[in-house]
Amino acid sequence: MTIQVLKPGLLSTFQDLGRTGFQHQGIPVSGVMDERSHRLACMLVGNSPFEATLEVTLIGPTLQFDCPAVIAVCGADLGATIAGNPLPLARPVAVSAGDVVSFGKRANGLRAYIAVAGGYVLQTVMGSTSTYVRGGFGGACGRQLQKGDSIAFRNIKRTPSLDRRSSTFPEEIQRTQDSPIRIVPGREWDGFEPDARRAMAEQVFRISPSSDRMGYRLEGEALHLIQPLELQSEAVSFGTVQVPPDGQPIVLMADRQTTGGYPRIANVAAVDLPRLAQGMAGERIQFEWITLEEAQRLIVEQSQIFEMMGTGHGID
Amino acid sequence: MNNKILTTKDITWKIVPSGDSCLVIEIQSALVGASSHWAAGAAAALRHASLPGITDVVSTIVTVGVHYRPEVLRRLGSQGETSYQAATRIVATVLNTFEYNNLAPPRVVQIPVSYGGDHGPDLETVASECGLSAQALIDLHTGADVSVQMLGFAPGHPYIGTFDERLAPPRRAQPRTSVPIGSVGLANRQSVIYPFNLPGGWNLIGRTPLKLFDPDRNPACLLQAGDRIRFVSITADEFETSGDGR
């Protein structure tokens, strides 16, 4: 039960919900960039959301299966095909022995998630199979996929039904990719000039090419503090928006460091991190302020929808 | 930190939000060194309490960050409580019963360091910046009573302090793109030890043969916040032969 990697793609790593519980030792959480697509892919093949998916970026890999399998591809449309035919997204798909899954031209988004029923066999480090490339551990040998890799996967315990399942979210949860990314005020919000706080939600930012799984660097009109702040480093989160002295914000992402010392104007609402994670270098994005209460209501609601989707579909 | 007995009246704290999935305990204390010591103890108590929905508790020098899953906290909350309110209430309950004076004495960890030469290329420059001879700087660095204030930046990467006020050189104007594993940095009365080859802007005064982080070891990190540190000077030859056997 293995998958041969014929081509690795641009950046393909195994990720799960992250390595939590070790941030006090300086160990990054890592994990999937787009949790919504990851969970959906896991659900569609009957896996627990704690199983890893293969997170593939922009240019997907070419994979050959040596035995029948059930897979699901969610997230970005990177032109997936199976045995030369278009592979439908966000649906369970049967794979026959010898079939090749490959990717072509990107239509939208940046990251796709490939789940296989039964789950991949990977290196678990501190309770997680997420690959942390900078530290060289987790996933498959602590690195991104390479040509010639052979990835084992487990037997399917329960054959997932191939019915079309509900896999959509209300517009309030999963807004269109180009609508503003919702943010809540950050720890140093009131240390920023009123113009900066306004600009945060009014101006258009460009995603810099130096963005990666650790952080998204944004380019726009500089955001200024009322007066310089000398801060001690403290815990930072997925979605923390730090503003270094040059005034260009950095949104911390899945592979972020555990602590940071720059002033924080905002935090991206958890419900919108998946959309930000699908944003590509060069694309333009806008933000929109919401309250903490609203942000928490939305993420709680999304979790309830996942629970409902799971009911009766072998997810427990 | 001095050996003075601290009482909880030396510490005040409040809880504030940090995004929708994290809260921060802000600590105020007039005593130097007390806040990071209290933070490390409070964080350990919160982790020990294994609170549902709380995924990480990260102590730093003047705060403790508590990461939580809003959907779990909402379920635990009473009617009308937001996830943040429920998290705040639960965290405050632990902090209110936390006996700071009953903290176990910190572990004392010796860190052998080969100072100067290839292992500490900035030693001479930094010593003269501090108005000291290289040996006097080493004496102050090895003679100090210091603590691990926090781990952060990279796996197992400690911030250690607070050193004598003479050991306060600024960071390098030009950070290095790669600092060798085990290098000991000094700046602003603090030291760090690089757990991997990493970019870094600290002044390099020496290098330890100990492995700060090893994912195959349990625990993976040599140090934890709150540990007491004693640096010990070794020769470059001893560095070569005294590798971390674990």
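Remember, it's a predicted structure, so these values are computed and weren't measured experimentally.
The part of B:Val16 that comes within reach of chain A is its side chain, from C-beta onward, which places non-hydrogen atoms under 4.5 angstrom from that chain. Using a 4.5 Å cut-off between heavy atoms, B:Ala154 contacts chain A through its backbone alone, with no side-chain atom that close. With a 4.5 Å cut-off on non-hydrogen atoms, B:Gln149 does not touch chain A at all. If you measure heavy-atom distances from B:Phe196 to chain A, the contacts under 4.5 Å come from the side chain alone. Proximity to chain B (any heavy atom under 4.5 Å) is shown, for A:Val241, by neither the backbone nor the side chain.
Note that OG of B:Ser83 and CD of A:Gln296 are 4.0 Å apart. Values are rounded to the nearest 0.5 Å. With rounding to the nearest 0.5 angstrom, the OG atom of B:Ser18 is 10.0 Å from the CG atom of A:Leu292.
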Assess the residue pair A:Thr259 and B:Val58 against the criterion (side-chain contact (heavy atoms from CB on, under 4.5 Å)); give the C-alpha distance rounded to whole Å, side-chain angles, the decisive distance to 0.1 Å, and a yes or no. CA-CA 8 Å; A:Thr259 55; B:Val58 184; 4.1 Å; yes
Could you please spell out the steps behind the side-chain contact (heavy atoms from CB on, under 4.5 Å) verdict for B:Asp20 and A:Asn267? CA-CA 8 Å; B:Asp20 59 14; A:Asn267 280 78; over 6 Å; no
Decide side-chain contact (heavy atoms from CB on, under 4.5 Å) for A:Arg187 and B:Thr63; before the verdict, give the C-alpha distance in whole Å, the side-chain angles of both, and the deciding distance to 0.1 Å. CA-CA 12 Å; A:Arg187 289 263 290 141; B:Thr63 62; 4.1 Å; yes
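The contact list for residues 17-37 of chain A toward chain B, using heavy atoms and a distance under 4.5 Å, reads A:Thr20, A:Gly21, A:Phe22, A:Gln23, A:His24, A:Gln25, A:Gly26, A:Ile27, A:Pro28, A:Val29, A:Glu35 by residue number.
In this structure, A:Ser237 and B:Cys22 have side chains that are in contact, with non-hydrogen atoms separated by less than 4.5 Å.
For the options B:Val57, B:Asp216, B:Asn218, heavy-atom pairs under 4.5 Å to chain A are most numerous at B:Val57. The candidate from B:Pro70, B:Ser59, B:Gly65 with the greatest count of non-hydrogen atom pairs under 4.5 Å with chain A is B:Pro70.
Look at B:Arg74 and A:Glu293 and you find no salt bridge, because none of the NZ, NE, NH1 or NH2 atoms lies under 4.0 Å from a carboxylate O.
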